[in-house]
2 protein chains.
Amino acid sequence: MTAMASEKTVERLSLYRRLLLRLRDDGADVVFSHQLCVPVGVTPAQVRRDIMQLGCSGVPHAGYKIKDLLAAIAEMLDAPQSQRAVLVGVGHLGLALLTHFSGRWRWLHVHAAFDVNPSKHGAIVRGCNCYGLDQLPRIVREWRVEVGVITVPMDAAQTVATMLCDAGVTGLLNFAPLRLQTPEHVYVENVDLTTSFEKVAYFARHPARLANNKNAERDAASEKDRADVPG
Amino acid sequence: MTAMASEKTVERLSLYRRLLLRLRDDGADVVFSHQLCVPVGVTPAQVRRDIMQLGCSGVPHAGYKIKDLLAAIAEMLDAPQSQRAVLVGVGHLGLALLTHFSGRWRWLHVHAAFDVNPSKHGAIVRGCNCYGLDQLPRIVREWRVEVGVITVPMDAAQTVATMLCDAGVTGLLNFAPLRLQTPEHVYVENVDLTTSFEKVAYFARHPARLANNKNAERDAASEKDRADVPG
DNA sequence: CAGAAATCGTTTATTGATTCACAATAGCGG
DNA sequence: CCGCTATTGTGAATCAATAAACGATTTCTG
């Protein structure tokens with residue numbers, strides 16, 4: 001229905017949602033753009049723009065209905081039926097992710113895990129079967145798995161990625177410190193913990209900030225988008 | 001020495017480094033921009049630009065000396081003496097990160113961990129002492145800790161962030177799904193695993209790609225930056 | 001009921017990052 | 001020794017994302 005959303009937009013929608021869920025649980029029914037902008041780190045204008053793209057409308061003095069927003073976000077982000085993912089590389093990080101993600105979504109399920117280490121084959125890790133890599137193509141194909149999570153060491157990452165793509169996944173969540181070479185139609189999201197850590201260390205040492213996202217704070221404080229320069 | 005690098009630049013430098021280390025271990029001495037661009041997902045021009053910012057120079061037909069590049073990157077990214085970090089929230093994710101990060105860098109050390117759960121106090125987790133949150137301000141101040149890693153649930157994240165900032169950290173690595181409110185001089189790097197997962201799920205369902213980074217692949221294939229249009 | 005105040009929807013600018021394009025340079029083969 | 005080719009360094013153009021600005025609209029208050 002709604003048009004294709006950009007990468008950044010999807011990120012923000014995901015944040016809006018968790019925020020809205022919390023507001024709803026606190027008993028709120030409606031919300032204003034300036035309430036959402038601060039915890040997401042953007043301006044009220046950006047929030048309104050995103051909501052517009054969702055197809056929702058608010059009323060000038062009464063804000064947006066939280067229920068409507070949540071429904072629209074769910075329609076945009078969640079798979080209509082059910083979507084399956086597999087995880088490759090059951091190390092410390094892989095295990096933590098399995099725990100973190102298992103049972104968290106109704107519409108997205110981590111269906112199987114894979115590892116080279118034979119001692120892990122056949123085990124059930126966090127309620128998720130663990131297989132050898134040789135089983136990967138078969139299982140991914142049979143279950144129409146769309147998403148692959150890669151938590152193997154750097155040297156193995158490209159090989160695993162190629163296997164997953166060949167088997168038909170169309171999205172990869174890559175934790176290896178490397179930009180994977182994949183077919184055009186496969187989306188890759190890179191999460192590089194080492195880079196993130198090194199980034200923080202670097203900027204922590206250089207308090208001469210480079211505009212961090214502090215503007216949102218200021219923007220939210222002033223009403224009317226700080227367009228108030230009637231002077 | 002060298003000027004302040006942008007966020008994106010630091011990310012790429014971190015990637016270049018791990019790539020260069022691998023090349024060096026494979027016995028290479030020199031490298032060309034088009035070798036680095038593919039695994040990092042940018043154009044050769046971007047690589048040259050980054051290297052220029054490092055203060056390194058190459059020679060037109062002979063490339064860059066790997067040793068020089070590694071030295072320059074280390075000088076830019078690594079702390080001259082030693083830098084300390086603490087981790088707050090010893091859950092599954094926190095544990096995995098401790099394991100992942102412990103002993104990985106000489107210049108950046110995870111000094112202590114904190115958790116609300118009293119059963120964890122006094123324990124040594126992955127060679128790292130675990131304390132109650134009440135100890136946090138004292139320890140951070142005494143050891144001049146500059147970096148805080150936040151792996152607590154969303155509801156506790158802002159409180160923890162404020163504690164850390166008040167105690168003097170200047171960099172935060174935030175795994176909670178929320179943009180933290182912090183003083184101007186504190187840098188925050190957000191890693192939101194849920195958002196990342198939802199992003200991949202969304203784009204995996206929409207193979208109508210939005211320019212992923214596939215251009216680098218193409219660029220590297222053609223020599224002379226595809227500026228070859230002598231026609 | 002009318003005027004004021006707040007909030008939305010949207011258009012226009014701005015910004016910053018990235019790619020393009022090409023002149024300058026150094027090695028290489030004949 | 002000389003032209004040829006590959007590669008670097010960088011100014012200009014492009015592009016996407018964001019913020020600013022402002023008219024339109026609706027509730028609130030006296």
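Bear in mind that the values here come from a model prediction, so they are computed numbers and not experimental data. Chain letters run A, B, ... following the sequence lines, proteins first, then strands; residues in each count from 1.
Separation of atoms CZ (Arg17(B)) and OG1 (Thr195(A)) is listed at 9.5 Å; rounding is to 0.5 Å. How far CG of Leu108(B) is from CZ of Phe197(A): 4.5 Å, rounded to the nearest 0.5 Å.
The distance between atom CE of Met52(A) and atom P of dC8(C), rounded to the nearest whole Å, is 13 Å. For the pair Gln35(A) CD and dA6(C) C1', the computed distance is 13 Å after rounding to whole Å. Rounded to an integer number of Å, the gap from Leu36(A) CG to dC8(C) P is 9 Å. Distance Phe32(A) CZ to dT27(D) P: 12 Å, rounded to the nearest Å.
For Phe175(B), there are no ring-ring contact (aromatic ring centres under 6.0 Å, His included) partners two or more places apart in sequence or in a different chain.
For the pair Gln46(B) and dT19(C), the criterion of a side-chain N or O lying under 4.0 Å from OP1 or OP2 is met. For the pair Ser57(B) and dG9(D), the criterion of a side-chain N or O lying under 4.0 Å from OP1 or OP2 is met. Proximity of Ser33(A) to the phosphate of dC8(C): a side-chain N or O atom is located under 4.0 Å from OP1 or OP2.
Out of dA20(D), dT18(C), dG9(C), the shortest distance to the side chain of Arg48(A) is found at dG9(C). Nearest nucleotide to the Lys8(B) side chain, out of dT7(C), dA26(C), dT18(C): dT18(C). The nucleotide whose nearest atom lies closest to any side-chain atom of Thr43(A) is, among dT7(C), dT18(D), dA19(D), dA19(D). Residue Val42(A) has its side chain nearest to dA19(D) when only dC8(C), dT18(D), dA19(D) are considered.
Using a distance-only test at 3.5 Å, with no hydrogens or angles considered, a donor-acceptor pair links the side chain of Thr162(B) to the main chain of Gln158(B).
Not a single donor-acceptor pair, N or O on each side, falls under 3.5 Å between the base of dT8(D) and the side chain of Arg49(B).
Comparing Ile51(B) and His61(B) against DNA chain D, the residue whose closest nucleotide sits nearer the 5' end is His61(B).
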